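Heads up: the structure comes next, in structure tokens.
Computed from a predicted structure; not experimentally measured.
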Amino acid sequence: MRLLFTSKIFFAILLFVFACEDLPRDNVLDPKNPDSYTTTVPLIEAFVNLAHPAPYNQWALQSLNNLAQLYDGKINVVEYHRDITVDSVTYDDPYNTPETQTLFRLLQDRYVSSHPEIPRSVPDVYLNGADERFTGAYDVQSLKKQIEPKLLELLSRKNFYRLEPKISRSGGLSLDVSCKVAVLGNNDGNNLRLRIIFVKKRVQENLRLNTVVKLIWPGLLVDKIENGDFTEVEAGSFTFKESEMPDGAVFALTSEDESIVFQSIYAAF
Amino acid sequence: MNKKIEIGLLLVLLLLTACNGVEDLLNPKHPPELDERGVVVSQDQVMPRDTIMASIQATNPIEGPMQFEWRSDGGSFIPPADNDTVFWIAPLKGGLYHIWVIVSNDDGKKESPKKQINVISSSEPVVNILKPADGSYFVVTQQIEVQVSAEHENGVALVRLYVNDKLQAETDQQQNGIYRFNLTISDDMVGKTVLKAEAVARNQLSGKGTDQISIFVGGIIPGGNEQ
């Protein structure tokens with residue numbers, strides 16, 4: 001009787017082991033599945049100024065509002081609000097600080113260097129890094145008309161990077177941030193950076209804003225990821241003023257030189 | 001023996017050639033002499049199907065008659081067209097045509113220089129804006145080159161560029177039929193902007209040829225926190 005019971009247990013264990021080994025790797029999000037992939041979540045980054053009386057920036061933001069509404073959850077839109085000086089008059093955008101202002105300018109300069117035919121200006125919009133540049137606007141729809149075809153193309157593309165952010169509050173106004181990065185489709189992950197963009201949602205007149213309140217730039221270096229594996233990037237702890245407490249963060253996986261964005265994801269707090 | 005015959009034949013041949021040269025020297029050829037003005041026409045700019053009179057003043061240095069053989073690269077001569085004065089009917093199609101004459105006598109012939117006749121074309125110049133492409137997008141402060149091709153049978157006097165119906169520039173300078181304009185995109189072009197090119201023919205009679213395209217101009221505020 002005891003022998004029968006022991007052999008039943010042994011058989012059950014054997015069955016379990018075999019069952020585990022035979023688990024099909026058909027989950028498209030499983031890094032160990034050589035055919036795994038995910039969809040691209042494009043990142044739209046806009047350099048704008050809302051203090052200048054010309055309506056171009058408002059037009060651009062209205063276009064981006066339309067796109068964000070139309071592709072809700074499928075794209076990420078963030079705004080870097082810049083101060084600008086024209087003919088010795090400074091137009092001070094309220095949604096930046098001296099610290100962010102410098103980083104925004106450096107990031108824009110990096111992007112402009114890939115498209116030097118038009119110098120630094122606002123509104124200046126980039127799709128997946130410097131991959132595509134859209135400068136200026138001539139009405140509330142113009143930017144949408146220009147971006148949408150490129151956006152649809154990106155949305156239809158397979159993507160081989162998967163991001164899993166983890167954010168926890170370590171105090172009232174502090175956040176602990178990390179993100180898992182997996183490479184899908186039998187690929188390795190090399191020379192990557194993780195940019196973290198903390199955004200605060202605001203409303204100004206008829207515009208819904210996704211203002212960047214903190215930018216981790218240059219992005220954090222991502223360790224080499226072996227085929228079928230993942231890595232976890234520890235970003236650390238960030239403390240915010242109450243008025244600047246972000247609503248969420250966009251995590252963007254970029255090339256090492258930060259010029260191209262491969263994948264992005266938004267995590268709300 | 002054979003060698004002697006060969007040498008003999010050679011000598012005879014040499015003698016014959018020498019004789020011809022000598023005859024030329026003794027009796028030089030005297031083809032007709034043409035007035036330095038060449039072909040004189042009653043008008044050198046005419047409408048299609050107009051008739052003009054053309055004449056050549058030729059003198060014959062030898063006794064005997066002269067023959068006049070009139071030629072043209074278009075249109076037709078009213079018969080008889082074998083005298084020093086003829087009538088030429090301009091063709092229907094405008095453009096640049098030429099009339100000339102070959103005058104001959106018993107001693108030889110001489111061809112006059114070609115006289116150019118401009119037959120006015122009533123058609124409009126053909127104009128095409130080659131650059132930028134219709135629907136192109138630019139932003140304020142950008143500098144662009146507008147390239148316009150313009151052609152007309154009578155030539156093109158000048159090409160004008162209008163931006164939103166406002167004259168921007170005009171030029172008569174062209175290279176291989178392409179007229180170039182440098183345009184700086186300005187704030188007043190923001191939105192849909194119409195570029196129109198207008199070509200004027202070199203005859204003051206035909207209409208103006210035009211072509212137009214639309215470009216889109218985005219407004220920008222250049223610069224930003226210079227540091």
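Few gaps surround CD on A/Glu117; more than 12 heavy atoms of other groups in view lie less than 6.0 Å from it. Applying the 6.0 Å contact sphere to CG of B/Asp165 captures no more than 12 heavy atoms from other residues, nucleotides or ligands. Within 6.0 Å of atom NZ in A/Lys74, 12 or fewer heavy atoms from other residues, nucleotides or ligands are found, so the atom counts as exposed in its surroundings. For B/Glu36, the CD atom counts as loosely surrounded, since its 6.0 Å shell holds 12 or fewer non-hydrogen atoms of other residues, nucleotides or ligands. Dense packing is recorded around CD of A/Glu234, with more than 12 heavy atoms of other residues, nucleotides or ligands lying under 6.0 Å away.
Neither the backbone nor the side chain of A/Asp124 comes within less than 4.5 Å of any heavy atom of chain B. Using a 4.5 Å cut-off between heavy atoms, A/Val86 contacts chain B through its side chain alone, with no backbone atom that close.
Among all heavy-atom pairs drawn from A/Tyr56 and B/Ile221, the shortest one is CD1-CG1, 4.3 Å. Closest of all the heavy-atom pairs between B/Gly219 and A/Pro123 is O-CD, 3.8 Å. Between B/Val139 and A/Thr135, the shortest heavy-atom distance links the atoms CG1-O, 3.2 Å. Smallest separation of non-hydrogen atoms from B/Val190 and A/Ala137: CG1-O, 4.2 Å.
With rounding to the nearest 0.5 Å, the separation of CD in A/Gln146 from CZ in B/Phe216 is 10.0 Å.
Classification of the B/Tyr137-A/Tyr138 ring pair by plane angle, with boundaries at 30° and 60°, yields tilted.
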